[in-house]
Amino acid sequence: MSAPPSARAVRPRRFPDWRAWPVIRRLRGGGGDVDHGGGDWVNTVLAIGLVVGLGIVVGIQYLYPDKRVLAVLATTVIFGIAWRIDLVSGIGVLVLALPYPRGTVFGSTNLAMVLLLLIIWLLRASLRSASPPHRTPVDQPVVALLLSFVVSFYNIENGTTLGWALENFLLLLACIGMFYLIVNNVRRPEQLERLHAFQCASITLVCLLGVYEVRHPNGILVPGWIGFNQQVSEAINLHNVRIGGPFFDFELLSEYCAMNLLLLLLKFARARSGARKALFGGLFVLTSFVMFATVTRGGLVALGVGIAYLAWMQRKRFSAVTAGIALVAVIVGLQAMNFYVAHFTYSGDLLGRLLDAKSLTFTHGMPSGRAELWASAFKRMMEHPFIGHGPYYTIQRGLGFWYWPHNGYLYIGNLVGLIGLGFYLWLLARLWRLSRPLASDLHDANYARAYLNIARVQLVVFIVDQTKIDFMRNPTYQFQVWLFFAYIVAAYQASRPPAPAPARA
């Protein structure tokens with residue numbers, strides 16, 4: 001016998017009652033604990049006025065863009081997003097914005113966003129809603145490197161150089177602040193995987209901007225903010241263009257693509273659905289296209305070294321037949337991509353430059369194109385061998401000039417001397433030890449353990465490529481390097497099981 005209607009179980013509502021939402025109750029003027037005083041209609045009017053005002057400003061900027069107003073609007077939006085969401089997602093928003101900074105009176109917008117997230121993190125840590133600061137395995141070399149930059153100010157020669165040195169030092173502080181923000185808040189494998197999703201989105205935006213630059217070498221995407229000036233004439237010659245993307249540096253963009261191709265390879269290998277494999281496979285091809293459009297040999301050589309090292313790490317998981325098929329596929333893919341870029345775009349022939357006889361000659365054991373540059377940088381470094389010239393590299397030399405180092409290690413040696421260079425190598429060695437994978441399986445259930453296999457290969461690519469380019473010369477790209485360092489430390493922390501709690505007495 002069925003129970004009476006009054007005794008039957010009441011089915012739970014699938015959706016919450018919209019009439020109970022605080023905003024709806026305010027607009028309707030009702031709701032139990034809502035204050036019915038005169039402040040409700042004032043708040044409503046202010047909110048409506050704020051939305052209308054923001055719409056007017058956005059409309060005006062759409063018609064007559066002003067770079068300062070756009071920067072303020074972007075900062076306001078990022079602040080609102082970062083305050084409302086969790087810190088990992090806030091860091092993800094920062095990752096998306098890092099390649100597109102804008103200069104302000106107090107520094108770049110990257111500096112402002114890093115400081116903003118640091119303040120939010122410390123406020124939440126004081127309220128015990130976020131993890132407090134803790135020690136990391138690289139604290140000693142990072143602090144030592146920072147102190148070497150402080151000591152190097154002793155050799156700054158004049159006030160003009162001092163201003164540039166202070167700006168570069170502030171940039172380094174922002175990079176280190178971002179590093180500690182990430183390693184203190186990304187502690188679990190799923191958090192690292194979520195942050196890498198933002199990284200993949202950032203790669204997509206950077207590569208799409210590179211495609212735009214290939215098609216419009218002299219184009220302006222955002223007036224006063226993002227534009228390109230390749231110094232080429234469409235009526236005379238519009239070929240052999242080497243794109244630099246948001247970094248405006250083709251060599252650093254090539255290194256960026258080489259390192260992130262490995263991350264995309266991991267994402268493709270771990271994709272379980274056909275749609276995700278198609279997504280990451282397409283992004284892999286797009287990034288390869290942009291890398292070839294830079295027409296930079298160093299990035300391709302460094303990537304080749306990294307792929308060879310990855311194949312050695314994974315040698316037990318592949319048969320000889322599989323390895324042969326993969327090698328043939330790589331060679332055919334390189335030839336096809338190079339042919340397309342060289343014949344159907346404004347860029348040049350990368351493999352042609354790589355196999356050119358001049359690029360294969362050496363002088364005193366150094367590539368001929370770098371021998372004179374490296375010798376000049378080494379001679380300059382030996383003028384202040386211990387503490388360096390200070391955090392600013394100048395090519396002025398009385399009535400002559402110095403060559404640019406084009407070598408990351410010589411560049412840092414010139415800034416902070418051999419002692420500071422030793423601390424930097426100490427940091428790289430510590431990162432090398434931390435990136436030692438616990439297992440060689442890219443399909444490991446623990447995402448951090450799987451990523452460490454790729455992180456070590458990325459570190460190989462970075463170490464090799466920095467022998468012919470210096471990342472610290474570019475204020476935008478520096479954040480990408482410290483972001484990569486933070487990924488390694490975060491993956492190391494997330495790949496280890498948590499320490500057991502102390503036994504109770």
Is there a donor-acceptor pair closer than 3.5 Å between any side-chain N or O of His343 and the backbone N or O of Phe339?
yes

Between His443 and Arg317, do the side chains contain an N or O donor and an N or O acceptor separated by less than 3.5 Å?
no

Heavy atoms, side chains only, cut-off 4.5 Å: are Thr394 and Thr161 in contact?
no

From Arg370 CZ over to His406 NE2, what is the distance, rounded to the nearest 0.5 angstrom?
5.5 Å

Check for a donor-acceptor pair, side chain of Ser347 on one end and backbone N or O of Ala293 on the other, with a separation under 3.5 Å.
yes

Please lay out, stage by stage, how Asn407 and Gln466 fare under the test side chain to side chain contact (heavy atoms under 4.5 Å, CB included).
CA-CA 6 Å; Asn407 182 290; Gln466 282 298 301; over 6 Å; no

Any heavy-atom pair between the side chains of Ser376 and Leu373 that's under 4.5 Å?
no

Just so I know, are the side chains of Leu483 and Met178 near enough to count as touching, which here means a heavy-atom distance under 4.5 Å?
yes

For the residue pair Leu96 and Ala201, what are the closest heavy atoms and their distance?
CD2-CB, 3.7 Å

List the steps and the verdict of side chain to side chain contact (heavy atoms under 4.5 Å, CB included) for Arg473 and Ile469.
CA-CA 9 Å; Arg473 75 183 188 183; Ile469 191 60; 3.1 Å; yes

Is any side-chain heavy atom of Leu94 closer than 4.5 Å to a side-chain heavy atom of Phe479?
no

Answer whether the closest heavy-atom distance between the side chains of Leu261 and Met291 falls below 4.5 Å.
yes

Quick one: does Gln493's side chain have a donor or acceptor within less than 3.5 Å of a partner on Val183's backbone?
yes

Separation between SG of Cys207 and CZ of Phe284, rounded to the nearest 0.5 Å
11.5 Å

Okay, side chain of Arg242, backbone of Thr294: is any donor-acceptor separation there less than 3.5 Å?
yes

Establish, yes or no, whether a centroid distance under 6.0 Å links the rings of Phe485 and Trp482.
yes

For Ala125 and Ser131 the tightest heavy-atom approach is CB-O, 4.0 Å

Closest approach of Pro405 and Leu410, non-hydrogen atoms and distance?
CB-CB, 4.3 Å

Stepwise, does the side chain to side chain donor-acceptor pair (under 3.5 Å) test hold for Asp139 with Tyr180?
CA-CA 10 Å; Asp139 288 343; Tyr180 278 103; 2.7 Å; yes

Can you tell me which residue among Leu146, Leu427, Leu428 is in a side chain to side chain contact (heavy atoms under 4.5 Å, CB included) with Pro141?
Leu427

So, Trp404 and Asp470: side-chain donor and acceptor under 3.5 Å apart, yes or no?
yes

Can a salt bridge be assigned to the pair Arg270 and Asp441 using a cut-off of 4.0 Å between side-chain N and carboxylate O?
no

How far does OG1 of Thr296 sit from CD1 of Ile243, to the nearest 0.5 angstrom?
9.0 Å

Looking only at atom types and distance, does a side-chain atom of Asp349 sit under 3.5 Å from a main-chain N or O of Ala342, one as donor and one as acceptor?
no

Distance under 6.0 Å and angle within 45° of ring axis: Arg194 vs Tyr447:
no

Can you sort out the partners of Glu167 under side-chain hydrogen bond (donor to acceptor under 3.5 Å, both in side chains), two or more places apart, ordered by chain and number?
none

Using the side-chain hydrogen bond (donor to acceptor under 3.5 Å, both in side chains) rule, collect all pairs that involve residues 279-288, keeping only residues at least two apart or in two chains.
none

Does the side chain of Tyr451 come within less than 4.5 Å of Leu263's, by heavy atoms?
yes

Among Val142, Ile182, Val186, Leu431, which residue satisfies the side chain to side chain contact (heavy atoms under 4.5 Å, CB included) criterion with Val489?
Leu431

So OH of Tyr477 and CD of Glu251: to nearest 0.5 Å the spacing works out to 11.5 Å

Sub-3.5 Å donor-acceptor pair from the side chain of His389 to the main-chain atoms of Gly413, do we have one?
no

If only side-chain N and O atoms count, and only distance matters, is there a donor-acceptor pair under 3.5 Å linking Glu372 with Tyr403?
yes

Can you tell me if Asn414 uses its side chain to pair, donor with acceptor, with the backbone of Met381 under 3.5 Å?
yes

Within-4.5 Å side-chain heavy-atom neighbours: Leu208 and Leu286:
yes

Crowding at CH2, Trp164 (>12 non-hydrogen neighbours, <6.0 Å)
no

Are Tyr487 and His196 close enough that their ring centers fall under 6.0 Å?
yes

Non-hydrogen atoms of Glu190 and Arg188 that approach each other most closely
OE2-NE, 2.7 Å

For Gln314, what residues pass the side-chain hydrogen bond (donor to acceptor under 3.5 Å, both in side chains) criterion, not counting sequence neighbours?
none

Can you find a heavy atom in the side chain of Asn446 that is under 4.5 Å from one in the side chain of Leu438?
no

Could you grab the distance from atom CG of Leu98 to atom CG of Asn110, nearest 0.5 Å is fine?
5.0 Å

Nearest atoms (heavy-atom pairs only) where Leu181 meets Ile91
O-CD1, 3.9 Å

Residues Met113 and Ala97: closest non-hydrogen pair is CE-CB, 3.5 Å

Between Lys267 and Phe280, is there a donor-acceptor pair closer than 3.5 Å when you use the side chain of the first and the backbone of the second?
no

Sidechain-backbone polar pair: Ser202 side chain, Phe198 backbone, donor-acceptor under 3.5 Å:
no

Would you please indicate if the ring centroids of Phe247 and Tyr256 are separated by under 6.0 Å?
yes

Tyr393 and Tyr411 aromatic ring geometry - parallel, tilted or perpendicular at 30°/60° bounds
parallel

Please assess Ser148 against Tyr424 for the test side chain to side chain contact (heavy atoms under 4.5 Å, CB included), listing each intermediate value before the final yes or no.
CA-CA 10 Å; Ser148 67; Tyr424 174 67; over 6 Å; no

Within the side chain of Asn338, is there an N or O that forms a donor-acceptor pair under 3.5 Å with the backbone of Leu350?
yes

Ile307 and Tyr309: CA distance, side-chain angles, deciding distance, side chain to side chain contact (heavy atoms under 4.5 Å, CB included) verdict
CA-CA 5 Å; Ile307 292 294; Tyr309 181 70; over 6 Å; no

Nearest 0.5 Å, what's the CG-CD distance between Asp465 and Glu255?
4.0 Å

Other residues, nucleotides and ligands only: do more than 12 of their heavy atoms fall within 6.0 Å of CZ on Arg315?
yes

Stepwise, does the side chain to side chain donor-acceptor pair (under 3.5 Å) test hold for Gln458 with Asn260?
CA-CA 8 Å; Gln458 287 179 305; Asn260 284 288; 5.0 Å; no

